[in-house]
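I have placed the structure first, in the form of structure tokens, so that the comments after it can refer back to it.
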Amino acid sequence: EIILGNSTEGYKNNNIKDLSNSVSANNKLLEILNIENLTGVSGSLPVQDIPSIKEIYARGSGIESVTFARNGLIHKAELPESLSDLRLYDLYYLNDLSIEDYNSLLVFVCENTPNIDEKAIIENSPNLIRIRATNIDWTGRRSLDNASLLMRLAECKGIDANNQNTDLPVLTGKVEIGSIRQSEIQLFNELWPELQLIYDESDIIPQFSINFYREVGDETPIYSILKDEMYTLTSEDDPSQMLINQGLLVKEMTPQYTYLFDSWTPDIEGVLVTQNLDFYGKFTPVIRQYTVKWYSDDDERTLLEEVK
């Protein structure tokens, strides 16, 4: 055992800042590590090469990163709110894991650690940016009501089998989903070919394409979105300002007119989505103004008259 910390309420120890002299791979028989409330300790907890550890108490410390030894004997871990990186590999005995607060957790790996509810950790960690979770089984009581959690994970990056960062999140296993959109099914199948999606065909939410064209006569939309069936469009769905800022919703001027975007036809507001919909830009012509100047026909070229 190595007991450096103390769980007494109000206890804080900022004097110990480095664990390397106390905790190392040389501690072959170490089973219990307590660094509770060692506020001066930060960085990575040096236990990756100590498979003998069974219990870790680190609440109240400043530890930011924890990677347990693969196939280790760890069965209980109490981790601090400062934790930003947690990696669990082949931990078949770990069944009691708690974190003081999940808001700091940015990186989470859970591979072949069957007794930990990785779904709950993910749900409680709103700021995740990297995820690797393999052989997950989110079925039955752990099933998803909808695809919102998977959509959040789809925005993350990942970590590969060699512990290297990847641009895409990693999920394998199976997930049962109560309701899902066809576009979500396509996205998840592309992102996670080794993730089995389980759903009832009758629970697929129909979606329709909402297309915006620069003006009547154009054949290619400048913007398209998908909306659920029976969704009512509002002004919040109007992309005109975004398209104007991007230089897409403009009409080329002529010698006589410039054109300002006016509205969509038909009007967006209040339209009920029951099919694919097309909207076309309508522009207001503004007469261009020119300035005509007359100069004297001599060497001094004196301005004689100016008319706008």
Between [X] and [Y] (salt bridge meaning N to carboxylate O under 4.0 Å), is one present in this structure?
{"X": "E219", "Y": "R214", "value": "no"}
{"X": "K282", "Y": "E215", "value": "no"}
{"X": "K76", "Y": "E55", "value": "no"}
{"X": "R130", "Y": "D85", "value": "no"}

Where is the tightest heavy-atom contact between [X] and [Y], given as atom of each residue plus distance?
{"X": "L153", "Y": "W138", "value": "CD1-CH2, 4.3 Å"}
{"X": "W192", "Y": "L171", "value": "CD1-N, 3.4 Å"}
{"X": "L91", "Y": "P114", "value": "O-CD, 4.1 Å"}
{"X": "A77", "Y": "L94", "value": "N-CD1, 4.5 Å"}
{"X": "Y93", "Y": "G72", "value": "CD1-O, 3.6 Å"}
{"X": "C156", "Y": "P169", "value": "O-CD, 3.1 Å"}

- Message: Tell me whether the rings of F283 and F261 are parallel (<30°), tilted (30 to 60°) or perpendicular (>60°).
- Response: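 Rings of F283 and F261: perpendicular, as their planes differ by over 60°.
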
Contact check, side chains of [X] and [Y], non-hydrogen atoms, under 4.5 Å:
{"X": "Q207", "Y": "E229", "value": "no"}
{"X": "V273", "Y": "Q275", "value": "no"}
{"X": "E194", "Y": "T134", "value": "no"}
{"X": "F279", "Y": "I268", "value": "yes"}
{"X": "E81", "Y": "S104", "value": "no"}
{"X": "Y102", "Y": "L83", "value": "no"}
{"X": "V109", "Y": "V170", "value": "no"}
{"X": "L86", "Y": "L79", "value": "yes"}

Identify every side-chain donor-acceptor pair in residues 30-48 under 3.5 Å, counting partners at least two apart or on other chains, and give the distances.
unit_1, atom_1, unit_2, atom_2, d
N34, OD1, E36, N, 2.9
N34, ND2, E36, OE1, 3.0
N37, ND2, N6, O, 2.6
T39, OG1, N13, O, 3.4

- Message: Let's go through R59 and S98 carefully: what are the C-alpha distance in whole Å and the side-chain angles of both, what is the deciding distance for side-chain hydrogen bond (donor to acceptor under 3.5 Å, both in side chains) to 0.1 Å, and is it a yes or a no?
- Response: CA-CA 9 Å; R59 289 175 177 268; S98 61; 2.9 Å; yes

If I take atom [atom1] from residue [X] and atom [atom2] from residue [Y], how far apart are they, to the nearest 0.5 angstrom?
{"X": "R301", "Y": "K293", "atom1": "CZ", "atom2": "NZ", "result": "11.0 Å"}
{"X": "L260", "Y": "T284", "atom1": "CG", "atom2": "OG1", "result": "6.5 Å"}
{"X": "I121", "Y": "L105", "atom1": "CD1", "atom2": "CG", "result": "8.0 Å"}
{"X": "L4", "Y": "S61", "atom1": "CG", "atom2": "OG", "result": "11.0 Å"}
{"X": "I122", "Y": "C110", "atom1": "CD1", "atom2": "SG", "result": "8.0 Å"}
{"X": "K54", "Y": "I74", "atom1": "NZ", "atom2": "CD1", "result": "10.5 Å"}

- Task: Applying side-chain contact (heavy atoms from CB on, under 4.5 Å), run through R87 and I159 and close with a yes or a no.
- Result: CA-CA 10 Å; R87 308 192 187 206; I159 296 172; 3.6 Å; yes

Between [Y] and [X], do the side chains contain a donor N or O and an acceptor N or O under 3.5 Å apart?
{"X": "N71", "Y": "Y89", "value": "no"}
{"X": "N211", "Y": "S224", "value": "yes"}
{"X": "E9", "Y": "Y11", "value": "no"}
{"X": "D160", "Y": "N162", "value": "no"}

- Test W264 against F212 for ring pair (Phe, Tyr, Trp, His ring centres under 6.0 Å), laying out the working first. CA-CA 8 Å; W264 298 104; F212 296 88; 4.9 Å; yes

- Hey, mind stepping through Y231 and D237 against side-chain hydrogen bond (donor to acceptor under 3.5 Å, both in side chains) and telling me if it holds? CA-CA 11 Å; Y231 176 84; D237 301 303; 3.0 Å; yes

- Counting only heavy atoms not in K119, do more than 12 sit closer than 6.0 Å to its NZ atom?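 Atom NZ in K119 is packed in, count exceeds 12.
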
- Task: Return yes when atom CE of M230 has more than 12 non-hydrogen atoms of other residues, nucleotides or ligands closer than 6.0 Å, and no otherwise.
- Result: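 No - once you tally the heavy atoms of other residues, nucleotides and ligands closer than 6.0 Å, there are 12 at most.
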
Report yes or no: does [X] contribute a side-chain atom to a donor-acceptor pair with the main-chain N or O of [Y] at less than 3.5 Å?
{"X": "E64", "Y": "S84", "answer": "no"}
{"X": "D218", "Y": "T220", "answer": "no"}
{"X": "S202", "Y": "D200", "answer": "no"}
{"X": "S125", "Y": "L128", "answer": "no"}

- Does the salt bridge (charged side-chain N to carboxylate O under 4.0 Å, His left out) test come out yes or no for E176 and K174, once each step is laid out? CA-CA 7 Å; E176 184 179 357; K174 55 185 177 181; over 6 Å; no

- Message: Run E252 and V250 through side-chain contact (heavy atoms from CB on, under 4.5 Å) and show every step you take.
- Response: CA-CA 7 Å; E252 187 175 353; V250 295; over 6 Å; no

- Task: Just jot down the salt bridge (charged side-chain N to carboxylate O under 4.0 Å, His left out) partners of R288, sequence neighbours excluded, or say none.
- Result: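 For R288 there are no salt bridge (charged side-chain N to carboxylate O under 4.0 Å, His left out) partners, ignoring immediate neighbours.
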
- Task: Mind running salt bridge (charged side-chain N to carboxylate O under 4.0 Å, His left out) on R181 and D228 for me, showing each step along the way?
- Result: CA-CA 8 Å; R181 299 169 176 83; D228 296 347; 2.6 Å; yes

- Derivation of the side-chain contact (heavy atoms from CB on, under 4.5 Å) call for I177 and I198: CA-CA 6 Å; I177 307 176; I198 303 172; over 6 Å; no

- Item | Working for side-chain contact (heavy atoms from CB on, under 4.5 Å), residues I205 and I180 | CA-CA 6 Å; I205 302 171; I180 191 170; over 6 Å; no

